[in-house]
Amino acid sequence: MTVYFIGAGPGDPELITVKGQRLLRSCPVILYAGSLVPTAVLNGHSAELLVNTAELHLDEIIRLIRQAHEQGQDVARVHSGDPSLYGAIGEQIRHLRALAIPFQIIPGVTATAACAALLESELTLPDVSQTLILTRYASKSDMPAGEQLHDLARHGATMAIHLGVVHLGKIVAELLPHYGADCPTAVVHRASWPDQDWVSGTLADIEALVSAKGFRRTALILVGRVLNAQDFADSALYHAEHRHLFRGQDV
């Protein structure tokens, strides 16, 4: 018996991995985060027990897993995006280890990746930014020391900010001194879902653009000079004079 923490992807049911889909369709028990995972992801399943965990607390979820373990049934524990990013799997894993219940993590497509695809952007460009910072806005809980937005913003790297659209004004205020008012900024609402929507602007006008759209939740904020960038060097990887193991001197 194994518990599979499966990343269902950002919303589009075709963005779940082949491995994740195979396991989801074969496990007799499915526990899925229904507030973020579309039911279309579950198409083709043959589970005996299908539970939306959106209204359950941790102890109730662990109780269901223990019951499946006692019956020798594999469990598909389905999370949105990639379960290792803001997936709240850490506390579940801690319980499983204490109970000696085997588990595996099946990676998924992140919301950041889906947003970059929608915006037709590469998030790491030569001479612009070679670093991507994934973070969240601290509202209900404090961030660890050194991880406040103003600390991270000093790097000037591409930044993807989760769980912060309702605090956009405060976020902009923290980023402005480090990125500048003209820094490209985008906010993507429900990336890859049928009702996906987005706005692109700068730190100077992004608040007004988002307000006009009415985005209040399930949105990702992307900030950085890589967005809509045109003036950057070509990657060395495909440069005609760049030699590597797969492209020798004779090519």
Side-chain angles (χ1 to χ4, degrees), residues 10-11 36 80-88 90 109-193 196-237:
L36 295 172
S80 63
D82 182 286
S84 67
L85 293 172
Y86 307 112
V109 176
T110 67
T112 300
C115 290
L118 179 64
L119 297 171
E120 301 177 344
S121 296
E122 181 177 349
L123 300 182
T124 53
L125 290 173
D127 303 330
V128 181
S129 177
Q130 291 288 281
T131 301
L132 170 62
I133 297 174
L134 301 176
T135 189
R136 58 169 294 234
Y137 183 76
S139 56
K140 296 181 180 179
S141 58
D142 293 332
M143 295 293 282
E147 292 189 20
Q148 284 79 17
L149 279 182
H150 60 82
D151 294 314
L152 301 176
R154 292 192 180 102
H155 299 283
T158 309
M159 189 177 294
I161 305 170
H162 293 252
L163 307 173
V165 68
V166 296
H167 305 285
L168 186 57
K170 295 179 180 179
I171 290 172
V172 168
E174 289 197 54
L175 299 184
L176 273 172
H178 305 283
Y179 287 88
D182 65 336
C183 185
T185 306
V187 175
V188 182
H189 173 72
R190 289 168 63 87
S192 85
W193 288 70
Q196 68 180 4
D197 199 359
W198 70 97
V199 292
S200 296
T202 65
L203 283 176
D205 63 11
I206 196 65
E207 288 181 78
L209 294 172
V210 169
S211 178
K213 285 286 189 179
F215 299 156
R216 299 291 297 172
R217 62 187 301 273
T218 324
L220 185 73
I221 303 165
L222 284 167
V223 181
R225 300 286 172 179
V226 297
L227 300 177
N228 302 320
Q230 298 296 324
D231 186 16
F232 58 90
D234 289 343
S235 169
L237 179 62

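- The salt bridge (charged side-chain N to carboxylate O under 4.0 Å, His left out) analysis of residues 216-227, with sequence neighbours excluded, yields the pairs D182-R225.
- For T124, there are no side chain to side chain donor-acceptor pair (under 3.5 Å) partners at least two apart in sequence or on another chain.
- Legend: residues meeting side chain to side chain contact (heavy atoms under 4.5 Å, CB included) with A229, ordered by chain and number and at least two apart, are L125, F232.
- By the side chain to side chain contact (heavy atoms under 4.5 Å, CB included) test, A204 pairs with A181, T202, sequence neighbours left out.
- K170 meets the side chain to side chain donor-acceptor pair (under 3.5 Å) test with no other residue; sequence neighbours excluded.
- Residues forming a side chain to side chain contact (heavy atoms under 4.5 Å, CB included) with A191 (at least two apart in sequence, or on another chain): A114, C115, V188.
- Of the inter-residue distances, the one linking T112 atom OG1 with I161 atom CD1 reads 10.5 Å to the nearest 0.5 angstrom.
- Counting only residues at least two apart or in different chains, ring-ring contact (aromatic ring centres under 6.0 Å, His included) contacts with residues 167-190 comprise Y137-H167, H189-F215.
- Residues satisfying the side chain to side chain contact (heavy atoms under 4.5 Å, CB included) criterion with A116, sequence neighbours excluded, are L123.
- Going from atom CG of L220 over to atom CG of L118 covers 11.0 Å, rounded to the nearest 0.5 Å.
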Evaluate side-chain contact (heavy atoms from CB on, under 4.5 Å) for T131 paired with H155, printing each intermediate quantity in order. CA-CA 9 Å; T131 301; H155 299 283; over 6 Å; no
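- Rounding to the nearest 0.5 angstrom, the gap separating the CD1 atom in I171 from the CE atom in M159 is 10.0 Å.
- Residues S200 and L209 come closest through the heavy atom pair O-CD1, 3.6 Å.
- Between the side chain of S129 and the main chain of T158, a donor-acceptor pair closer than 3.5 Å is present.
- Considering all non-hydrogen atoms of both residues, A186 and L119 come closest at CB-CD1, 3.7 Å.
- Across all their heavy atoms, R190 and Q196 have their closest contact at O-CB, 3.1 Å.
- The side chain to side chain donor-acceptor pair (under 3.5 Å) search around R154 returns D151, not counting sequence neighbours.
- Considering every non-hydrogen atom in both E174 and H150, the closest pair reads OE1-N, 3.2 Å.
- Between C183 and V223, some side-chain heavy-atom pair lies under the 4.5 Å cut-off.
- Evaluation of the salt bridge (charged side-chain N to carboxylate O under 4.0 Å, His left out) test over residues 197-207, restricted to residues two or more places apart or in two chains, returns D197-K213.
- Rounding to the nearest 0.5 angstrom, the gap separating the CZ atom in R136 from the CG atom in L85 is 13.0 Å.
- In this structure, L175 CG and L168 CG are separated by 9.0 Å, a value rounded to the nearest 0.5 Å.
- Residues satisfying the side chain to side chain donor-acceptor pair (under 3.5 Å) test with T185, not counting sequence neighbours, are none.
- Although no hydrogens or angles enter the test, the distance criterion places no donor-acceptor pair under 3.5 Å between the side chain of W198 and the main chain of A219.
- Of all the heavy atoms in Q130 and P126, the pair that sits closest is NE2-N, 3.4 Å.
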